[in-house]
Trainee: 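This is the structure, below, for whatever I ask next.
What you see below is based on every heavy atom in this structure, not just the backbone, and it leaves out hydrogens, waters and symmetry mates. This chain uses plain numbering: 1 for the first residue, then up along the sequence.
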Amino acid sequence: MLQKIIVALGIFISLGLIWAALSMNPEQEGNLQGNTNVVREENGTQYIRITARGGYSPDQITAKANMPTVLEIETKGTYDCSSSLNIPKLNYREFLPATGITKIDVPQNLTTAPLDILCGMGMYSSTINFGT
């Protein structure tokens, strides 16, 4: 009996690991790799690309302080809570389109302290930390 329970538990754990590996989307993989292709500079402005779908990815970002900044929030068939974007420091609260890129200007004087990004319910979040 104990042997059957151990085999069943092993199968259950294996299936769970397979499901987790298959359900990881590219946005989550990028989150594990840091700021690669998330922050870029063009003509003296930094652009920060965040994907909103099942949360925000990446959830921790490091960017330069005291620099003109534009957030690019990308949605790809997003119909969950992360489509309701809330950035308290910017007094920004909007519903994002299901698919597309929404650009949000961040005033340069607000690029000195962390900027929190939340879904409408506060379940999903991302933080941009501004440094030197």
Trainee: How close do L118 and S125 get, counting heavy atoms only, and between which atoms?
Mentor: CD2-CB, 3.6 Å

Trainee: Given the rule that I, L, V, M, F, W and Y join up when any side-chain heavy atoms are under 4.5 Å apart, are I87 and L110 in one cluster?
Mentor: yes

Trainee: Y124 and G54: which non-hydrogen atoms are nearest, and at how many Å?
Mentor: CE2-O, 3.7 Å

Trainee: Show your reasoning for whether side chain to side chain contact (heavy atoms under 4.5 Å, CB included) applies to L71 and I117.
Mentor: CA-CA 11 Å; L71 303 180; I117 297 169; 4.3 Å; yes

Trainee: Under the side-chain contact (heavy atoms from CB on, under 4.5 Å) test, which residues partner S83, sequence neighbours left out?
Mentor: T78

Trainee: Do you know the tightest heavy-atom contact between S84 and F95?
Mentor: CB-CE2, 3.6 Å

Trainee: Would V39 end up clustered with V70 when hydrophobic side chains under 4.5 Å apart are linked, directly or stepwise?
Mentor: no

Trainee: Sequence neighbours left out, what pairs pass salt bridge (Lys or Arg N to Asp or Glu O under 4.0 Å) with at least one residue falling in residues 77-98?
Mentor: none

Trainee: For T127 and D116, does a side-chain donor sit closer than 3.5 Å to a side-chain acceptor?
Mentor: yes

Trainee: In sequence, state the C-alpha distance, the side-chain angles, and the governing distance for N66 and Q108, and then conclude on side chain to side chain donor-acceptor pair (under 3.5 Å).
Mentor: CA-CA 5 Å; N66 297 308; Q108 191 168 341; 5.5 Å; no

Trainee: Go through C119 and L85 one step at a time and tell me if the side chain to side chain contact (heavy atoms under 4.5 Å, CB included) criterion holds.
Mentor: CA-CA 5 Å; C119 72; L85 186 66; over 6 Å; no

Trainee: Looking at every heavy atom in both P58 and R49, which two are closest together, and how far apart are they?
Mentor: CD-O, 4.1 Å

Trainee: Can I50 be reached from M121 by stepping across I, L, V, M, F, W or Y side chains whose heavy atoms are under 4.5 Å apart?
Mentor: yes

Trainee: What pair of heavy atoms forms the shortest contact from P97 to T75, and how long is it?
Mentor: O-OG1, 2.8 Å

Trainee: Can you confirm whether N129 sits close enough to Q60 that some side-chain heavy atom of one is under 4.5 Å from a side-chain heavy atom of the other?
Mentor: yes

Trainee: Going only through I, L, V, M, F, W and Y residues with side-chain contacts under 4.5 Å, is there a path from Y47 to V38?
Mentor: no

Trainee: For residues L90 and L115, report the shortest heavy-atom separation together with the two atoms involved.
Mentor: CG-CD1, 4.3 Å

Trainee: If hydrophobic clusters are built by linking Ile, Leu, Val, Met, Phe, Trp and Tyr wherever their side-chain heavy atoms come under 4.5 Å apart, do V106 and I101 end up in the same one?
Mentor: no

Trainee: Given P107, which partner from the list D105, N109, T111 fulfils the side chain to side chain contact (heavy atoms under 4.5 Å, CB included) test?
Mentor: N109

Trainee: When you look at E74 and K103, which way does the salt bridge (Lys or Arg N to Asp or Glu O under 4.0 Å) test go after all the steps?
Mentor: CA-CA 9 Å; E74 182 177 15; K103 294 185 178 189; over 6 Å; no

Trainee: Go through T45 and T69 one step at a time and tell me if the side chain to side chain contact (heavy atoms under 4.5 Å, CB included) criterion holds.
Mentor: CA-CA 6 Å; T45 299; T69 301; 5.9 Å; no

Trainee: Would you say Y56's side chain and S82's backbone share a donor-acceptor pair under 3.5 angstrom?
Mentor: yes

Trainee: Can you tell if the side chain of Y92 reaches within under 4.5 Å of the side chain of N86, non-hydrogen atoms only?
Mentor: no

